[in-house]
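Order of listing sets the numbers, starting from 1, for every ligand and every atom in it. What you are looking at is a predicted structure, and each value in this text was computed from that prediction instead of being measured.
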Amino acid sequence: MATVVVPDRLTSHVAAGHPWLYVNAVPAIPGARTGEFVTLLGQGRRPIGQALFDADSPIALRVLSTRKDETPGPALWHRRVDQALSLRRSVLDLRHTDCFRLLHGEGDRLPGVVVDHYAGFLVLKLDTPAWLPHLEQLCDALEHHVRPRGIFFKGISGEPEPARNLRGDAPPEHILVREHGMRLAVDVRRGQKTGLFLDQRENRALVRQVARDRRVLNLFSYTGGFSLAAALGGATQVTSVDLARGAVDGARHNFSANDLDPTAHSFVTADAFEHLAACAAARELFDLVIVDPPSFAPRKQALRAAEAAYTKLNAAAIRQVRPGGLVACASCSSHVPMDLFLQILRESARTARRALRVLEIRQEPADHPTPLHFPEGRYLKFVLALAE
Ligand code: SAH
């Protein structure tokens, strides 16, 4: 097996659980190919861990283990899947929820592997082609521990790798799942990410809890998760806005699937910024506005522009909240840490000339764990506030 000497300043990070080594931070590994295992060496060439090599990514090495008694391969994948499943069983209420993240990459010590569970179907997504040579072994471990109806491969982030069924039944066009009892149709092939934004589950539950008797505006509504939660929580009327027609149609269908009359609510295919401008022009106010945009800063270089866009969006959203009403603002960019997001919201509130009182601040739920020493892995911010 190839080896690499980890610089002294990084060995304590690896030992503490940081899962990445950047290509610029480690010596070249001559002859190593993408997908090979590499032994990490510390001071005195003492082994300190095992990693998965990627020849083309800035993240050259993803740490698989730092334990002497673990070697990469089928037995380790089995152990990781088993532990991940036990964790979900112990922290989630799986009586009313049958969709959850089973493997959250780095947080489950299978860095670069994401597996979501949708009512018995597994959807697998990779961050790196380095896992491709081990895909069948991963599927063996998943089949053994989860006994899924099927395993569907959604591809590799940023690569042209085609989606395909790997094991068992191919998923139906729509998998009907339950989240805290709420029914949602998931299109794993055409949907975003693996089909559903599972990371907002507990925040949707919070919206359900506070929505009673409110008129609600849900911006970037996708297939209507927050909208449904609000309507089921007793909102008087919910407007869902998304740029993607298919998502808006999906939201309408999801209302029907939950015995809610879609004609009592609004479903708008539009740009959220333009829709807010139209609401402002019409002086239309809401009792709860939800803002859950896609990442405006997919890369660190885009951060400045993203800050300005988040501020503009949240300021416009806050303006449309009736005095004393609620606003729920989210960001899923890992390049915007919580402190910066709160600063953006302060600036947004100042621009809108409104004072915000924070009711809840949340991050990823328990099926999206992150090592404490891996702040880069934390990406979700969700703030519920009262707009005076
Ligand atoms: N809140 C959703 C997830 C939102 S994902 C949930 O809980 O499921 C972000 C959504 O924003 C996507 O559906 C995408 O189609 C939409 N989108 C992207 N840019 C947009 C824009 N400018 N205006 C409105 N929607 C937009």
Check each of D259, V177, N254 against R183 using the side-chain contact (heavy atoms from CB on, under 4.5 Å) test, and report the only one that passes. D259
When R88 is tested against each of D108, D98, D82 for salt bridge (Lys or Arg N to Asp or Glu O under 4.0 Å), which residue passes? D108
Between the OG atom in S295 and the OH atom in Y379, the distance rounded to the nearest 0.5 Å is 11.5 Å
So, is F226 polar-close to ligand 1, with some N/O to N/O distance under 3.5 Å? no
Heavy atom of A244, distance to ligand 1 below 4.0 Å: yes
Examine ligand 1 and decide if any of its atoms is less than 4.0 Å from a heavy atom belonging to A247. no
Under 4.0 Å, heavy atoms only, figure out whether ligand 1 is touched by the backbone of F220, its side chain, both or neither. both
Can you find a pair of side-chain heavy atoms, one from F121 and one from V188, that are under 4.5 Å apart? no
With a 4.0 Å cut-off on heavy atoms, is H275 touching ligand 1? no
Taking the ring centre of each residue, are H368 and H104 less than 6.0 Å apart? yes
Which residue and heavy atom of the protein sit nearest atom 18 (C) of ligand 1, plus the separation: P294 CG, 3.5 Å
Answer yes if the side chains of E202 and H180 hold a donor-acceptor pair under 3.5 Å, and no otherwise. yes
Can a non-hydrogen atom of E274 be found less than 4.0 Å from any atom of ligand 1? no
Suppose I only count heavy atoms of D271 and a 4.0 Å limit; which atoms of ligand 1 are within that range? 21 (C), 22 (N), 23 (N)
Looking only at protein heavy atoms, which one is nearest to atom 6 (C) of ligand 1, and how far off is it? R204 NH1, 3.6 Å
Decide whether an N or O pair under 3.5 Å exists between T223 and ligand 1. no
Nearest-contact summary for atom 12 (C) of ligand 1 - protein heavy atom, Å: Q192 NE2, 3.1 Å
Protein residue, atom and distance nearest to atom 1 (N) of ligand 1, heavy-atom basis: D292 OD2, 2.7 Å
Nearest heavy atom to atom 25 (N) of ligand 1 wins, so pick from V207, L276, L243. L243
State whether a side-chain donor-acceptor pair under 3.5 Å links T194 with Y118. yes
If only side-chain N and O atoms count, and only distance matters, is there a donor-acceptor pair under 3.5 Å linking S334 with E376? no
Non-hydrogen atoms of A270 versus ligand 1: any pair closer than 4.0 Å? yes
Tell me the protein heavy atom at minimum distance from atom 16 (C) of ligand 1, and give that distance in Å. D242 OD2, 3.2 Å
Could you check atom 23 (N) of ligand 1 against the protein and tell me its nearest heavy-atom contact, residue, atom and distance included? A272 N, 2.8 Å
Evaluate the side-chain proximity of S227 to H265: yes if any heavy-atom separation is below 4.5 Å, no if none is. no
Ring centres of H78 and H145 under 6.0 Å apart? yes
